[in-house]
**Q** 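One structure follows; several queries about it will come next.
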Amino acid sequence: MGTALRWLLFVPYGAWLLIFVLLPLGLVVVTSLRDIDGAWTLANYERFLTPTYLAMAGTSVGYAFLITVITLAVAYPAAYLLTRTRQKAFWLIFLILPSWVNLLLKTYAFLGLLALHGPVNALFLAAGLPERPLLFTDFSFLLVSIYIFIPFMILPIFNAIEEIPPGLIEAARDLGAGRWDVFRRVIWPLSLDGVRAGVQAVFIPALSLFMITRLIAGNRVITLGTAIEEHFLVTQDWGMGATIAVMLVVMMAAVMAVVGRKGERT
Amino acid sequence: MRAIAGLYGFVAAAALLLWGVLAGLEHAAGGPADRTLIVFNWGDYLDPSLLQAFEAETGIRVVLETFDSNEAMLAKIRQGGTPYDVAVPSEYALSRMIAEGLVRPLDPALLPNLKNLDPRFLNLPFDPGNRYSVPYFWGTVGIAYNREALGEGAIRSWNDLWDPRFRDSILLIDGVREVIGLGLQSLGYSLNDTDPVHLAEAKARLDALKPNVRAIVGDEIKFLLAGEEAPIGVVWSGDAAEVIDENDAFDYVIPEEGSNLWFDSLVIPTTARNVAGAHAFINFLLDAEVAAQNTEYILYSTPNRAAMALLPPEIRDDRRFYPDDATLRRLEVYRDLGRRTLAAYSELYMAFKMHRK
C-alpha cells in the first residue's frame, strides 16, 4: 500500500511543479526562439553575444558577486553573535523585522534618506563635511541592495550555527584548540550548509535586480533584469526578453552547481 | 497518514468556502460587471477626490490601476488578462490600438459633455472624427531648470544641455521616445526619424551628453527636482508644473529646436465589460467643473474650453503650459513607428544607458 499512497501524495506538488515551474520555463524557451514577428530563429542568442548584452551580463554578475560577498561578510558575524546572545528570539525578530516592510517602500525611503539635501547629508554638514551626491552612485546601489538582502543571509547561517551540538565545540576546546581553531575547524565547516543556502538566496535574486537599478542607481547600473523589463514592456520584443531570461537561468544553474559542489565533502 | 488526508480535506473545504463567500459578495455587490469600473490610467493622473465624487454620483465602484509608459499599457491590454473599461493612451499608442482593433467606437449620444471641448483638439489625425477617443490632457516635453542656481534664461534649447558647465546636473525622464527624440532634435532631425544613419548620429550625440547626465529616472523625477537633487530635468510639461508649484526656483522652457506635442485620450478598450459605466465616467471627466478641478490638481494642459473659463488666470494665461500658436507650430506629434523601428530605438536607448562616461 505504501507506494500507491506515496505517489498519490506527490500528485499536488507534482502538478504544481508542472503547471507553475516546468510549463512556464518551457514557454520561455520557446519564446526565446522567436523573432519580433514570431518566426523561428536563433538570432536572439546571436544578439545576446554582442558587446551590449555581454557587458550587461558582466555587470550583472559582477554586482551580484559584490553584493553577495559583502552581505556574507556582514551577515556571518551577525548570525554568529546572535547565537551567543541570551534573548535570541528578540534579536532575531529585530533583524528580520525590516524584511516585513514592502521592498518598494524601503527603496523609496532610501531615496529620501540619501537625497542631496536629505538627513544623511545633514549629518555630514553637522560634522563639518560638505554635502555630497549619494544617490545614483555605485555606493548607494550596493548599500541599498545589501541592506535588503541581509536578512536572507542571516537566517540560514543562524540556523546552521544553532544546530551545531555544543558538545562538539566543548570537545574541541578540551582537546586544546584555541578560539580561532575552534572557529576554523569546527564552526565554519559545520555552518557551511547555511552559508551555501544564504549565498543562493542572495546571489540569484541579485542577478536579476531591476527596480533598485532605476530608483537608487538612476539607471547607471544596467543589469539583465532591466533589459528583460525593457524588452517585455517597451520594445515588445518578447523573444529577446525570453532569451535573456534563459541565459539568466543558465547562469544561475551554473552558480548553484559551483556553490553546491564545493561543500559536498570537505 | 490520516492526518495528511485530513489536511487535504481541510484545504479543499477552505477553498470551497472562500469561493462561496466570493460568489456571495459579488452577488451582494450587484454583480461585478455593471457596478464596477476598471480604469487604467497613468500614475498620479487623476484627482482622487473626483473618483469618490463619481462613485457617490453613480454608485459605480471604480478600481484604479496605473501604468508608467504607453508601451507597458499596450502590453497589458493586448495580453487581455484584466477587463479594463477605460484606458488613457497617448496619440501614437492610440493609433496602434485602433490599428490592432483594441478599442471600441464611442457612442456620442452618451457623451453630451463633448460640447465642452476646444475644437482645436478634436478631429486630429490620429483619430479622425473622434470615433474612438476623447482628449483628456495635452502637453509638451521640455526642460525644467533651477533659474536661481543657473541664472535666468540659462537654458533655451536642447543643445544648451551639452554645456560642460552642467556636468552631472541633468535628470532625464526614463522614456525611449523622449531621450532618443531629444538627441534627434538637437541635430535638427525629426522626432519621428527612422533613418538608421540619423539614429546612429543621435546615439553618438547622446553619448556625448552622458557626462552631464546625473540619472535617468521615472515619476520620482518630480520630487527629486523639487528637492534640488539636480538643477536640470528633461520632463513632461505637467511634471514641470508640479515641480514649479512646489519649488518656485524652477522654470520650464520648450526648447528652441522644437519638441514633442502630445495628447492623452480617454478610450474604451475592447476588453471592457461595463461599457455604459465607461461612457458615464468619460462624460463625467468632460464636465466643466470636474475638468477644471482635475486640471488644478494635475497641472497638465486641459483641452476643455468650458473648464478653461473656470481656471484662475495664472494657470490659464501661462504661456509655458498653454503655448501660443507660433510655439505650437514648432512642435511635433509622435507617430507610431512600428515595432521594428521601436525595437531599434530601444536597442540604442539601452546602449546609451550602458554607456559609461
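To find a chain, count down the sequence lines: A is the first, B the second, and so on, and within it residues start at 1.
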**Q** Of all of A:F232, A:Y53, A:W238, which one pairs up most often with chain B through heavy atoms under 4.5 Å apart?
**A** A:Y53

**Q** Tell me every residue that passes salt bridge (Lys or Arg N to Asp or Glu O under 4.0 Å) with A:R132, counting only those two or more places apart in sequence or in another chain.
**A**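 For A:R132 there are no salt bridge (Lys or Arg N to Asp or Glu O under 4.0 Å) partners, ignoring immediate neighbours.
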
**Q** Considering only heavy atoms, which portion of B:L172 lies under 4.5 Å from any heavy atom of chain A: side chain, backbone, both, or neither?
**A**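 Neither the backbone nor the side chain of B:L172 comes within 4.5 Å of chain A.
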
**Q** With a 4.5 angstrom heavy-atom cut-off, which part of B:E220 approaches chain A: side chain, backbone, both or neither?
**A**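 Looking at B:E220, just its side chain touches chain A.
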
**Q** Just by distance, no angles: are the side chains of B:T66 and B:N41 close enough, under 3.5 Å, to form a donor-acceptor pair?
**A** no

**Q** For the backbone of B:E229 and the side chain of B:R214, can you confirm whether one donor and one acceptor N or O come within less than 3.5 Å of each other?
**A**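 Confirmed, B:R214 side chain pairs with B:E229 backbone.
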
**Q** Heavy-atom count around B:R147 CZ within 6.0 Å, excluding the residue itself: above 12?
**A** yes

**Q** What distance separates B:W236 CH2 from B:W262 CH2, expressed to the nearest 0.5 Å?
**A** 8.5 Å

**Q** Hey, could you give me the NZ/CD1 distance between B:K353 and B:I216, rounded to the nearest 0.5 Å?
**A** 6.0 Å

**Q** With only heavy atoms counted, which part of B:L171 is less than 4.5 Å from chain A, the side chain, the backbone, both or neither?
**A** side chain

**Q** Between B:F67 and chain A, which part of the residue has a heavy atom less than 4.5 Å away: side chain, backbone, both or neither?
**A** neither

**Q** Are there residues of residues 136-143 of chain A whose heavy atoms fall under 4.5 Å of chain B's heavy atoms? If so, which?
**A**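 A:F136, A:D138, listed by number.
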
**Q** Could you state the interatomic distance from CG (A:L103) to CE (A:M211), rounded to the nearest 0.5 Å?
**A**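 Answer rounded to 0.5 Å: 4.0 Å.
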
**Q** What part of A:A227 is in contact with chain B, defined as an atom under 4.5 angstrom from a non-hydrogen atom: side chain, backbone, both or neither?
**A** both

**Q** Among B:G218, B:A351, B:S69, which residue forms the greatest number of heavy-atom pairs with chain A at distances under 4.5 Å?
**A** B:G218

**Q** When heavy-atom pairs shorter than 4.5 Å are enumerated against chain B, which of A:I36, A:D237, A:L8, A:T52 gives the highest number?
**A**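 Highest number of heavy-atom pairs under 4.5 Å: A:I36.
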
**Q** Can you tell which part of A:L215 gets under 4.5 Å to a heavy atom of chain B, answering side chain, backbone, both or neither?
**A**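 Contact with chain B: backbone and side chain both.
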
**Q** Could you state the interatomic distance from CG (A:L155) to CD1 (A:I96), rounded to the nearest 0.5 Å?
**A**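 Going from the CG atom of A:L155 to the CD1 atom of A:I96 covers 3.5 Å.
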
**Q** Name all pairs fulfilling the side-chain hydrogen bond (donor to acceptor under 3.5 Å, both in side chains) condition that reach into residues 96-125 of chain A, sequence neighbours left out, sorted by first residue then second.
**A** A:H117-A:E131

**Q** With a 4.5 angstrom heavy-atom cut-off, which part of B:Y345 approaches chain A: side chain, backbone, both or neither?
**A** neither

**Q** Which one, B:E228, B:K76, B:E347, B:R78, leads in non-hydrogen pairs under 4.5 Å with chain A?
**A** B:E347

**Q** Hey, can you tell me if B:F126 and B:F263 have their rings parallel, tilted or perpendicular (30° and 60° cut-offs)?
**A**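 Tilted, since the angle between the ring planes falls between 30° and 60°.
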
**Q** First locate atom CG of A:L135, then atom CG of A:L114, and finally report the distance between them rounded to the nearest 0.5 Å.
**A** 5.0 Å

**Q** Excluding sequence neighbours, so at least two apart, what forms salt bridge (Lys or Arg N to Asp or Glu O under 4.0 Å) with A:E162?
**A** A:K88

**Q** Just so I understand: if I count every heavy-atom pair under 4.5 Å between each of B:V176, B:D174, B:N70 and chain A, which residue has the most?
**A**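 Top count of heavy-atom pairs under 4.5 Å with chain A: B:D174.
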
**Q** Could you look at A:P51 and say if it's the side chain, the backbone, both or neither that has a heavy atom under 4.5 Å from chain B?
**A**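 Neither part.
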
